[in-house]
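Working notes for the structure below.
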Protein chains: 2
Amino acid sequence: MKLFIIKIGGNVLDNPEALKRFLSDFAQIKEPKILIHGGGKIATKIGDQLGIESKYVNGRRITDAQTIDVVTMVYGGLVNKQIVAALQTLNCNAIGLTGADGNLIKATKRPVKDIDYGFVGDVKADGVNTVFLHALLNQNVVPVFAPLTHADGSILNTNADTIASVLAVAMSKIFEVRLIYCFEKRGVLMDVNQADSVITHLPKNLYDDLLTKSVFADGILPKLENAYDAIHSGVKEVLIGEATDLLKNTGAKTEGTLITL
Amino acid sequence: MKLFIIKIGGNVLDNPEALKRFLSDFAQIKEPKILIHGGGKIATKIGDQLGIESKYVNGRRITDAQTIDVVTMVYGGLVNKQIVAALQTLNCNAIGLTGADGNLIKATKRPVKDIDYGFVGDVKADGVNTVFLHALLNQNVVPVFAPLTHADGSILNTNADTIASVLAVAMSKIFEVRLIYCFEKRGVLMDVNQADSVITHLPKNLYDDLLTKSVFADGILPKLENAYDAIHSGVKEVLIGEATDLLKNTGAKTEGTLITL
């Protein structure tokens, strides 16, 4: 059975019209589905208003005690519940979740080596409570995840792309998973300057070939590496595409880049 | 089968030590159980920090658009998820919920008559999704409710006592419900100046008798009226007691005031 695991980021969340359209499309997907959202700029804005400074070490964000409270409020409260309430009126029986709820995603607090990242959770597929997640899906409930996990009684901040990938790998034991990353372009481009040069199908052998030809821009490479990690761990398909193409990208004829073995 | 529905308020939430002890006791209850929490002073504090003024008309709080965002963050995010994460380490498989999640509590936005209360939800027992709530309990998951409901795509603010009562009435169709209100005294007192004058059992005929003798202080009367409303709507027992007596008050020999038909 098919399962769609769909991740949206700031480019959708920060634009009320785009979010409204996305949720309307998402609600129309008939197959089992899971949504993972980021936090967009709202957490930074609320943090600024509360006088909490964003801290970075070597360009990486540090989640200190004040910051984890802000993201718990904004990701787990404001953004998550607004999405859930909106989906409910679209006849989509959403349930808002963090990894702490139902022990759905148990993490490990990132160990301190050179840098103390603070309240950041590292996750693996075996930390996912697939039994409960499967039970929710069987009740036609639609899980909507905020990018938060837990360990030892604390809420932890975890990258939303990573959560999507880990959920996809874990649920591959039960479903044929298509993991969809909604991003700002229609797909992975052959020519980064040509928006219509989408590579619609990117099997591993074509990827390896294009890699040697340095076709991919730096920005897309980590996403592609993560995609193949997921594929090699059991996820059937990864799709990278635009949020506005969601209904096409959950169908047979996709618009974005379909990544497969 | 027994079901405990337990409401805690600010006197527990605002005191980290009291909350820790309460959650440790709560986790030990073996029967099916549901927790409802208020928001305590944290929402007011965060609202103040964000420069959002609390608005009152005739002494009643108005939930405007900014305020509903604050309580959605604080009740649905910060307070709720911190409780859930703490319960998880106590081997209590909690799931944090608002009324929007799983369409668990559908409300009606309070109609504007003389006063526009803003984003406030009025709830009735027939707005509770007992099927899904029962299914969660059957999976040994422990629902933890923030005092938020939903209607027409919006999150709404609803009194936590009312949510506890409405859930109790709705779940009485399936369970023998004991609804427990944790408050700052050990129970309802015969003499408001004597902390040990707890009326341990208050059946309706004794209540009616004491009412004519003006035994009850003004503060407790609305609570007692709500308790008998719940009892008359099918709830087996209502208990009013101190949070520190929780384990006694979920047993056969209760310390607080047990209200029955």
Side-chain angles (χ1 to χ4, degrees), chain A residues 20 23 42-43 45-46 49-52 68-104 106 129 131-132 135-136 138-144 146 148-156, chain B residues 20 23 42-43 45-46 49-52 68-104 106 129 131-132 135-136 138-144 146 148-156:
Chain A
K20 197 174 163 186
L23 294 177
I42 314 162
K45 193 182 135 202
I46 300 274
Q49 288 177 338
L50 291 171
I52 296 164
I68 191 67
D69 282 357
V70 171
V71 298
T72 302
M73 287 199 297
V74 175
Y75 301 166
L78 191 62
V79 176
N80 190 265
K81 299 312 174 191
Q82 285 181 343
I83 289 175
V84 168
L87 285 173
Q88 287 291 346
T89 57
L90 296 163
N91 289 317
C92 171
N93 192 10
I95 184 168
L97 298 162
T98 69
D101 298 299
N103 195 23
L104 280 165
K106 202 165 197 167
N129 183 349
V131 173
F132 184 47
L136 288 174
N138 273 343
Q139 290 162 89
N140 292 317
V141 170
V142 178
V144 175
L148 300 167
T149 57
H150 79 121
D152 307 321
S154 295
I155 296 288
L156 300 172
Chain B
K20 199 175 161 185
L23 294 177
I42 314 162
K45 195 182 135 201
I46 301 273
Q49 287 177 340
L50 291 172
I52 295 164
I68 190 67
D69 282 358
V70 171
V71 298
T72 302
M73 288 198 298
V74 176
Y75 301 165
L78 192 61
V79 176
N80 190 264
K81 299 313 173 191
Q82 284 181 343
I83 289 174
V84 168
L87 286 173
Q88 286 292 345
T89 57
L90 296 163
N91 289 317
C92 172
N93 193 10
I95 184 168
L97 298 163
T98 69
D101 298 299
N103 195 23
L104 280 164
K106 203 165 197 168
N129 183 348
V131 173
F132 184 47
L136 289 174
N138 273 344
Q139 290 162 87
N140 292 317
V141 170
V142 178
V144 175
L148 299 167
T149 57
H150 79 120
D152 308 321
S154 294
I155 295 288
L156 299 173

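Keep in mind it's a predicted model, so treat the numbers as computed, not measured.
- The distance from the CG atom of B/Asn103 to the CG atom of A/Leu87 is 12.0 Å, given to the nearest 0.5 Å.
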- So B/Val84 and A/Ile155, side chain to side chain contact (heavy atoms under 4.5 Å, CB included) or not? Walk me through it. CA-CA 9 Å; B/Val84 168; A/Ile155 296 288; over 6 Å; no
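- In terms of heavy-atom pairs under 4.5 Å with chain B, the best-connected choice from A/Ser154, A/Ala100, A/Gly76, A/Ala135 is A/Ala100.
- Under the 4.5 Å side-chain criterion, counting only non-hydrogen atoms from C-beta, B/Phe132 is not in contact with A/Asn140.
- Applying the side chain to side chain donor-acceptor pair (under 3.5 Å) test to pairs two or more places apart or on separate chains, those with a residue in residues 88-97 of chain B are B/Gln88-B/Asn93.
- Listed by chain and residue number, A/Lys81, B/Thr98 satisfy the side-chain hydrogen bond (donor to acceptor under 3.5 Å, both in side chains) test with B/Asp101 (two or more places apart in sequence, or in another chain).
- Within the 4.5 Å cutoff, the side chain of B/Ile95 has heavy atoms near those of the A/Leu97 side chain.
- A/Gln49 CD to B/Ile52 CD1: the interatomic distance, rounded to the nearest 0.5 Å, is 7.5 Å.
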- What's the verdict on side chain to side chain contact (heavy atoms under 4.5 Å, CB included) for B/Asp69 and A/Gln82, showing C-alpha distance, side-chain angles and the deciding distance? CA-CA 9 Å; B/Asp69 282 358; A/Gln82 285 181 343; 3.2 Å; yes
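- Using a 4.5 Å cut-off between heavy atoms, A/Ile46 touches chain B through backbone and side chain atoms alike.
- Contact count versus chain A (heavy atoms, under 4.5 Å) is highest, among B/Val141, B/Val144, B/Leu148, B/Leu50, for B/Leu50.
- The contact between A/Gln139 and chain B is made entirely by side chain atoms (from C-beta outward), counting heavy-atom distances below 4.5 Å.
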